[in-house]
Amino acid sequence: MTRKSKSEFGQSPLAKSLAKSLLDWYDRARRDLPWRAPPGAKPDPYAVWLSEVMLQQTTVAAVKTYYEKFLALWPGVRDLAAAPLDDVLKAWAGLGYYSRARNLHACAQKIVAEHGGAFPAQESELRRLPGVGPYTAGAIAAIAFDQPTPAVDGNVERVVARLLALETPMPAAKRAIFDFVAAVLPRDRPGDFAQAMMDLGATVCAPRAPSCLICPLATFCRARTASPQDFPKKPPKKARPFKRGAAFVLRRADGALLARRRPERGLLGGMTEFFGSDWREGRADDWADKRGRERSPCERANWRLAGEIDHVFTHFALRLTVFVGAAPADFLAPDGGFWLAADELRAAAFPSLMRKVEACALKAWGLPEPIKPA
DNA sequence: TATCCGTGGCC
DNA sequence: TGGCCAAGGAT
C-alpha cells in the first residue's frame, strides 16, 4: 500500500542532490555482506528474502552464520518448501523470534504452490506472503527487483528523523518518514538507495555517537547542529516483569534426555524444551515441596538441585531452578514427551533458554559441556 | 494502537 | 532481576 505523497521535497533539486550524495557514498563505502550481490550483478530474490526475514530485529553479526547454513541446506526456495518444518526449526534454533521460521517455511510453500517457485516483483503481492510485512515487502521489491518502493526499517527511521529533526515521537512519525523516503528515492537506483540508507544508519548515523563528521548527508541534516542522538523521539519503555519457574532434566542410563514440544503458537512456539513448571511472576519455590515434585515428569527420579539459570526475553525476565534426575529402568516417557538420544542433542530444536538449562544439567552431572554448535 | 514475540552484544 | 539496541510482523 503506497501512500500518495506530495512533498515539496520530491523531484526538487534538493532531493536529487541528497540521493546523489548518498549513492556516491554507497559506491565507496558499501558493506560487503554475504547476501548482497556484487555491484552491477542481479540479486537472487530468494537470497534477498531469506536475509531480510533473518534480519528482522536481528543483528547482521548474528544472522551471518545462520544465513550461510540455510543457503547450504536449502539453496533454493523449492528446497526449503520441501523440507520438514522441524528441520527448519532446528536450523533456526538460537536465532529467536521463532514465528519467523514458521512463516518462512509457509512462505516458501506458498511461493511454490501459488507463484510457480518465483517471488513476485510487486510490493503489493509480496505483502500477502506470510512473514512479509510493510518493510520486508518494500525491501524485496527495491533490492531484488529494483522497484521504486520505500523500504523503511529502524535505520531509515533514525536517519530521516534526524535529517528532519522530527519532534513527533515514534511510532506516530512513521507516516511522515515514509512520505519523505517516497519523495526522495531516485527512480534510477532504488535498490541501491534502500541499501545505502540502511548502511548509513548502521555505520554512520548510528543510534549513539553518530559520525556526523564523515556523513555524506551532513549538509542536509537539521539535527546535526543540535543533538542528533536525541532523534527519533521514543516513548518510555514499560518495566520488565520477573518470573520464576522450574525445569526438570531427566536422564536415561544411555544418556538420552526427556523432552517435549512446546505449543505451536506463542512463546518459543513449536520449539523443543525440557519438562517444567509454568512461569509465574512473584511465585514461591513451590516446585521444591512435595506437591511441586509431583508435577515433575517422574516421581522416582531422585531429583536434586542442579542450579539456577537466568534468561531475558523481550517482555519479561526469567529465573529457572534446574533439577536433574535419573530415570528408573522401567520408566516410560509420559504423554507428549520423547527421548532425545545423546547424539541427537546437538541438532535439537532447543531455544537458547533450553541450551542454558541443558548446560546447567550437564555440569551438575559432571559431564563435559559440548562445544558451541557450528 | 498496543502488545506479544528472542537473543546477544555493548555501555 | 540493568538498559538499550538490531534490516519487524502478527494480532
Side-chain angles (χ1 to χ4, degrees), chain A residues 31 33-36 48-67 89 92-104 106-107 126-140 142-144 150-159 169-172 174-175 191 194-203 205-209 229 232 234-244 262-271 273 279 281-282 308-320 349-356 372:
Chain A
R31 288 179 294 174
L33 300 171
W35 45 86
R36 192 171 271 182
V48 173
W49 162 72
L50 178 60
S51 65
E52 288 300 340
V53 173
M54 285 185 168
L55 286 162
Q56 289 165 4
Q57 295 289 283
T58 308
T59 59
V60 166
V63 164
K64 279 181 178 171
T65 57
Y66 284 88
Y67 174 80
L89 291 177
W92 196 278
L95 195 55
Y97 285 140
Y98 297 100
S99 66
R100 290 186 297 171
R102 316 172 67 70
N103 286 144
L104 189 85
C107 181
L126 290 162
R127 187 65 185 75
R128 306 167 66 88
L129 300 169
V132 178
Y135 161 72
T136 304
I140 297 173
I143 298 171
V152 181
D153 71 332
N155 286 308
V156 178
E157 287 177 352
R158 184 171 59 255
V159 170
M170 300 298 298
K174 280 176 178 287
R175 164 77 73 95
Q195 295 177 89
M197 287 288 279
M198 291 186 270
D199 273 18
L200 188 74
T203 65
C205 197
R208 46 193 166 205
Q229 64 275 16
K234 290 183 180 175
K237 310 217 166 174
K238 288 176 41 180
R240 181 154 37 212
F242 178 63
K243 302 186 181 185
R244 288 176 180 268
R262 289 182 61 86
E264 303 303 310
R265 295 178 171 270
L267 187 71
L268 308 175
M271 302 299 286
E273 69 171 1
W279 306 335
E281 195 173 356
E308 288 183 324
I309 63 98
D310 292 311
H311 194 73
V312 180
F313 293 102
T314 302
H315 52 298
F316 68 93
L318 178 66
R319 174 167 292 174
L320 239 36
F350 281 132
S352 292
L353 167 67
M354 291 299 149
R355 287 296 177 197
K356 290 182 183 176
K372 269 284 188 181

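Just so it is clear: chains get the letters A, B, ... in the order the sequence lines come, proteins before strands, and each one is counted from 1.
- A:T314 has no side-chain polar atom (N or O) that falls below the 4.0 Å cut-off from OP1 or OP2 of B:dC5.
- A:L268 comes within 4.0 angstrom of sugar-phosphate atoms only, judged by non-hydrogen atoms across all strands, and of no base.
- Atom CZ in A:F313 sits about 7 Å away from atom P in B:dG6, given to the nearest Å.
- Atom CG in A:L55 sits roughly 13 Å away from atom P in C:dA6 (whole-Å rounding).
- If you check every strand for non-hydrogen atoms under 4.0 Å, A:P351 touches sugar and phosphate atoms only.
- Taking atom CD of residue A:Q56 and atom C1' of nucleotide B:dG6, one finds them 13 Å apart after rounding to whole Å.
- Residue A:L104 is classed as having no contact, given no heavy-atom separation below 4.0 Å to the nucleic acid.
- As judged by a 4.0 angstrom heavy-atom cut-off over every strand, A:V312 is placed among the base-contacting residues.
- A distance of 6.0 Å or more separates the ring centres of A:F313 and A:H315.
- Within the nucleic acid shown, A:P171 has no heavy atom closer than 4.0 Å to any nucleic acid atom.
- Taking atom P in both B:dC10 and C:dA7, the straight-line distance is 15 Å, to the nearest Å.
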Inset, instruction - Show your working on side-chain contact (heavy atoms from CB on, under 4.5 Å) between A:V132 and A:E52 and close with a plain yes or no. - result: CA-CA 9 Å; A:V132 178; A:E52 288 300 340; over 6 Å; no

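- When rounded to the nearest whole Å, the span between CZ of A:F316 and C1' of B:dT7 equals 13 Å.
- If you check every strand for non-hydrogen atoms under 4.0 Å, A:R36 touches a base.
- In this structure, A:M198 places its CE atom 6 Å from C1' of C:dA7, rounding to the nearest Å.
- Distance CZ (A:R100) to P (B:dC5): 15 Å, rounded to an integer number of Å.
- The phosphate of B:dT7 has neither OP1 nor OP2 within less than 4.0 Å of any side-chain N or O from A:T59.
- When heavy atoms are screened at a 4.0 angstrom cut-off, A:W49 is found touching no nucleic acid atom at all.
- Remark: P of C:dG8 and CZ of A:R158 are 10 Å apart, rounded to the nearest angstrom.
- In this entry the distance linking CG of A:N155 with C1' of C:dA6 reads 8 Å, nearest Å.
- Using a 4.0 Å heavy-atom distance criterion, A:G201 is classed as making no nucleic acid contact.
- Among the atoms of the strands shown, none is found under 4.0 Å from any heavy atom of A:S51.
- Here A:H311 reaches the OP1 or OP2 of B:dT7: one of its side-chain N or O atoms lies under 4.0 Å away.
- Within the 4.0 angstrom heavy-atom criterion, base atoms lie near A:V60.
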